[in-house]
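What follows is a single structure, written as structure tokens, with notes after it.
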Amino acid sequence: MNSKNSNHQGIGMTSQRTRDRLIQRLIDQGIDNQLVLDVMRRTPRHLFVDEALAHRAYEDIALPIGFGQTISQPYIVAIMTQRLLDAGMPNSVLEIGTGCGYQTAILANIFPQVYTVERIEALHKIAKKRLTDLELFNVQFRHTDGNGGWPNPGYHFDRIMMTAACTELPDTLIQQLSNQGVMIFPFDDGIDQTLTLVTRTSQGLESEALEKVSFVPLLPGLV
Ligand code: SAH
């Protein structure tokens, strides 16, 4: 990421040393994809939260971003991104739930083409501006209900990442996944949420349950 703005370097609780501590924590928790670690090391997470919370931005925790939503915990961002890269470097990724745009920024520094959708217009607009300020130009944003995937019919994505929990995997999303494409999402069975990986093969879908997680729910409609 090109961060000419000295604001991006941060001081004190947002300094490089504080960020390096977070990266060490990710390594200790099993994140070993060097690209993911490098991108997370240089992505200024404190710019994605309210100024009053900036001093907590490099703790490995989710934080509120307003509108009843959260910025995901860094470990979760790292593991979801790493899992999408396990099957090789794809061309395109669709993210459902832009939120503050932090996960989007990580994806944009790794994947050639990023598509992201958000149902809350205010968050969609803020995230779009943030990523433009960070000179991440390989992202297309839409204010739309992610239950319908990317609005243009005929689009297929090599990877799909859903950052809100669903009780049922929307059919449209599976249809928008390329053959051999991989999707990662938190599945809510009514009791627990489990991070789940689905691979689309010519024989159908292969599913793998990963670990227990806690996400905000995937909601219908636009706000
Ligand atoms: N990717 C974010 C996490 C965002 S939290 C990060 O980097 O931290 C989940 C987001 O999903 C919220 O902003 C919420 O509004 C959004 N969301 C929930 N249901 C949705 C839907 N049906 N379509 C699009 N976005 C949705």
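We count ligands from 1, going down the list as the structure has it; atoms in each ligand are counted the same way. Atom set for the values below is all heavy atoms of this structure, side chains included, hydrogens, waters and symmetry mates excluded. All figures in this text were calculated on a predicted structure; none of them were measured in a lab.
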(Q) Can you tell me how far apart CG (Leu219) and CZ (Arg119) are? Round to the nearest 0.5 Å. (A) 4.5 Å
Q.
Working to the nearest 0.5 angstrom, can you tell me the gap between Gln140 CD and Asn152 CG?
A. 8.0 Å
Q | Nearest neighbour in protein (non-hydrogen) for atom 9 (C) of ligand 1 | A | Thr163 O, 3.2 Å
Q: Starting at OG1 of Thr196, measure out to CZ of Phe185 and round the result to the nearest 0.5 Å.
A: 4.5 Å
Q: Could you tell me which atoms of ligand 1, counted from 1 in the order shown, lie closer than 4.0 angstrom to a heavy atom of Val216?
A: 5 (S), 9 (C)
Q: Kindly confirm or rule out an N or O of Gly97 lying under 3.5 angstrom from an N or O of ligand 1.
A: yes
Q | Polar side chain donor-acceptor pair, Asn138 to Gln113, under 3.5 angstrom | A | no
(Q) With side chain to side chain contact (heavy atoms under 4.5 Å, CB included) as the test, pick out the partner of Thr116 among Leu94, Ile96, Thr104. (A) Thr104
Q. Can you list the atoms of ligand 1 that are under 4.0 Å from a heavy atom of Glu95?
A. 1 (N)
(Q) Looking at ligand 1, would Pro220 count as a contact under a 4.0 Å heavy-atom criterion? (A) no
Q: Quick one: look up the protein heavy atom nearest atom 12 (C) of ligand 1 and list residue, atom name and how far away it is.
A: Gln69 OE1, 3.2 Å
(Q) Among all protein heavy atoms in this structure, tell me which lies nearest to atom 18 (C) of ligand 1, with the distance rounded to 0.1 Å. (A) Pro217 O, 3.6 Å
Q) Can you list the ligand 1 atoms lying under 4.0 Å from a non-hydrogen atom of Gly99? A) 4 (C), 13 (O)
Q) If you measure from CG on Leu205 to CG on Leu169, what distance do you get to the nearest 0.5 Å? A) 7.5 Å
Q. Under 4.0 Å from any heavy atom of Tyr102, which atoms of ligand 1 are there?
A. 7 (O)
Q.
If we only consider heavy atoms of Val223, is any one of them less than 4.0 Å away from an atom in ligand 1?
A. no
Q) For Gln103, which of Thr163, Thr81, Thr98 qualifies under side-chain hydrogen bond (donor to acceptor under 3.5 Å, both in side chains)? A) Thr81
Q: Could you tell me whether some N/O pair between Cys100 and ligand 1 is separated by less than 3.5 angstrom?
A: no
Q) More than 12 heavy atoms of other residues, nucleotides or ligands under 6.0 Å from CZ of Arg41: is that the case? A) yes
Q.
Whether the Asp28 and Gln24 side chains hold a donor-acceptor pair (N or O, under 3.5 Å, no angle test) is what I'd like checked.
A. yes
Q) Where does the angle between the aromatic ring planes of Phe157 and Tyr155 fall among parallel (under 30°), tilted (30 to 60°) and perpendicular (over 60°)? A) tilted
Q: State the atoms of ligand 1, each with its element, that fall below the 4.0 Å cut-off from a heavy-atom position in Thr144.
A: 23 (N), 24 (C)
Q: Output the distance between atom CD1 (Ile23) and atom CZ (Arg42), rounded to the nearest 0.5 Å.
A: 11.0 Å
(Q) Quick check for you: to the nearest 0.5 Å, what is the distance between Arg21 atom CZ and Asp60 atom CG? (A) 13.0 Å
(Q) Considering Leu219, Ile65, Ile120 one by one, which has a heavy atom nearer to atom 21 (C) of ligand 1 than any of the others? (A) Leu219
Q) Under 4.0 angstrom from ligand 1, any heavy atom of Thr98? A) yes
(Q) Give me the nearest non-hydrogen protein atom to atom 7 (O) of ligand 1 as residue plus atom name, then the distance to 0.1 Å. (A) Gln103 N, 2.8 Å
Q. In this structure, are over 12 heavy atoms from other groups packed under 6.0 Å from Glu51 atom CD?
A. no
Q) So, is Gly146 polar-close to ligand 1, with some N/O to N/O distance under 3.5 Å? A) yes
Q: Return the option from Ser72, Gly68, Gly101 holding the heavy atom at the smallest distance from atom 3 (C) of ligand 1.
A: Ser72
Q. Where is the nearest protein heavy atom to atom 5 (S) of ligand 1: which residue, which atom, and how far?
A. Thr70 O, 3.3 Å
Q. Which one holds for Asp145 and ligand 1: side chain close, backbone close, both close, or neither close, with close meaning a heavy atom under 4.0 Å?
A. both
Q) Of Met161, Glu118, Arg119, His124, which has the heavy atom at the shortest distance from atom 13 (O) of ligand 1? A) Glu118
Q.
Which of the numbered atoms in ligand 1 are under 4.0 angstrom from any heavy atom belonging to Leu123?
A. 13 (O)
